[in-house]
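Here the structure is a predicted model, which means the values were calculated and not measured. A note on names: the letters A, B, ... follow the listed sequences, proteins ahead of strands, and every chain is numbered from 1.
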Amino acid sequence: MTDRIDDVPPFELAGEYVLGTLAEAERRAVIERLESDPELAELVAYWENRLVPLCDTVDPLPLPDTVWNRIDDSVTSEQTSARPATEAKPQRQQASWWHNLALWRGLTAAGFAMALMFGVALVIQQPQTSYMVVLATPDGHAPGWVVKASNRRSLKLQALGSFEVPEGKALEFWTKADDWKGPVSLGLVKPGQTLEINLDQLPPLEDNQLFEITLEDEAGSPIGRPTGPIEYIGRAVPF
Amino acid sequence: MGGKSVAMETDTFDYEACIRACASRNKKALRDLYLEEGNRLMGVVFNIVKNRSTAEDLIHDLFLKIWQKAHTFDPSRGNGRSWIYSIARHLALDSIRFSKRQVTQDFPIDDIPDTRDSGWYERVNSTHWGMGNHRIQDCIMALEPERRSCIYHAYVNGYSQSEISDLLGAPLGSVKSWIKRSLLALRECLG
């Protein structure tokens, strides 16, 4: 599929992407390429900015109040549920650093892991935990899930915030160590869910092992490897 | 819109200020944006997905995304309103292109008026979309009618090339080349 989009002149590819006429595979390939191709991103911005006045031709459609209520709920729960599950004593202090946006923005993915490590170690007191992964959005701005492994044979996936899964879609959890050929599915996950996963079928966890959550069709990826956009990504750090 | 809005005294809504306020977690700004643009965005999204409850879900996703991504907005790449509409359209397009299930349309495709000769493009108003767009109406008008029609059905109605081919009763190959040539002509005209 990537070959096919490579044959199309970039300005045309960007134009068709913005128009919406690309078929599923090409559209996915463009979305993927946009992450690493600033020239294409520039052309997409060109078309978006030039064509957007066409939206004026559409009549507005009244929204029922329930829509705002749902947005309000999601925004509120995103703000409040982004707090570790254990509602332990030093909660006040904990909430203050947790909600400090500037702090989060300033931290790199490794920084997330460090900060959480201290937070979790203080609050939950699990000194035997040997691996920790913070899965953040690909732009590195928002942590969404934490993986904790107290040994190399099993792990626990915990959601930090909420994620709205589009209808007919599901989140799938993957892992890949540096020398594996491709990612291996660890199954579907639901937003807000805490999941214990047994790694008996896989080699033991190792440093820097990659974990990611992608958006897939409801039944999971049909081909056994990620096909949808990466929503959260992170690497294992020992501690 | 009750209370003090982000737009303040000016009568033009300040989208950039609103997005910046969202980035600093001001929920009132998100609400202002919703009141200002919600219904128009709903129209745009519904026109593409053609299913009311899917469109409402997407409007929810859109505002959540605006909230989450406000800090990534870069005014050097386009104006705030354009940023919001682009996210809305991509969410709607991803939804129809990536869903395996055939979405039940609230109205059949035949009910869509043929816009080949109607003056839909006269409603295109470039003034409130920021700079660089003032020629779009002229450039659209300069396209040959069937090419203009392809652009409309793709951009506004979210139709695939084969749906457009059915709708216009034209071979798929022609639709494909009309779209390619329209993009070339538009780029030439828009600069």
Among [options], which residue has the highest count of heavy-atom pairs closer than 4.5 Å to chain A?
options	answer
B/Glu56, B/Arg31, B/Arg81, B/Met42	B/Arg31
B/Val156, B/Ile164, B/Asp94	B/Asp94
B/Leu91, B/Leu186, B/Leu184, B/Ile48	B/Leu184
B/Glu37, B/Lys65, B/Lys176, B/Gln68	B/Gln68
B/Cys139, B/Ala88, B/Ser82, B/Gly78	B/Ser82

Between [X] and chain A, with a heavy-atom cut-off of 4.5 Å, which part of the residue counts as in contact: side chain, backbone, both or neither?
X	answer
B/Ile59	both
B/Ile140	side chain
B/Leu30	both
B/Ile151	both
B/Asp61	side chain

Side-chain H-bond candidate by donor/acceptor type, A/Thr137 with B/Lys69, under 3.5 Å = no

Reported [atom1]-to-[atom2] distance for the pair [X] and [Y], which is rounded to 0.5 angstrom:
X	Y	atom1	atom2	value
B/Ile84	A/Cys55	CD1	SG	11.5 Å
A/Leu51	B/Leu190	CG	CG	7.5 Å
A/Thr57	B/Asn157	OG1	CG	8.0 Å
A/Leu19	B/Tyr155	CG	OH	8.5 Å
B/Leu62	A/Glu164	CG	CD	12.5 Å

Min side-chain heavy-atom separation [X]-[Y] under 4.5 Å:
X	Y	result
A/Ile31	B/Phe98	yes
B/Arg89	A/Val18	yes
A/Leu61	B/Arg52	yes
A/Glu16	B/Lys180	yes
B/Trp67	A/Ile71	no
A/Thr21	B/Tyr159	no

Within the supplied structure, the quantity of interest is the number of heavy atoms (other residues, nucleotides, ligands) at a distance under 6.0 Å from [X] [atom1]; does it exceed 12?
X	atom1	value
B/Asp74	CG	yes
A/Glu12	CD	yes
A/Arg225	CZ	no

Are B/Lys27 and A/Asp72 close enough for a salt bridge, meaning some N to O gap below 4.0 Å?
-> yes

Does the distance from a Lys or Arg side-chain N to an Asp or Glu carboxylate O, for B/Arg40 and A/Asp56, drop under 4.0 Å?
-> no

Between [X] and chain B, with a heavy-atom cut-off of 4.5 Å, which part of the residue counts as in contact: side chain, backbone, both or neither?
X	value
A/Pro64	both
A/Tyr46	side chain
A/Leu22	backbone

Intermediate values then yes/no, side chain to side chain contact (heavy atoms under 4.5 Å, CB included), A/Glu48 and B/Arg77 = CA-CA 10 Å; A/Glu48 282 172 346; B/Arg77 300 192 68 147; over 6 Å; no

Chain B interface, residue from A/Ala23, A/Gly15, A/Pro60 that has the most non-hydrogen pairs under 4.5 Å | A/Pro60

Could you check which of A/Pro9, A/Pro229, A/Ala41 has the highest count of heavy-atom pairs closer than 4.5 Å to chain B?
-> A/Ala41

Side chain of [X], backbone of [Y]: donor and acceptor closer than 3.5 Å?
X	Y	answer
A/Lys169	B/Ser95	no
B/Asn47	A/Val58	no
A/Arg50	B/Arg187	no
B/Arg97	A/Gly20	yes

Aromatic plane relationship, B/Tyr34 with A/Trp68 - under 30° parallel, 30 to 60° tilted, over 60° perpendicular = tilted

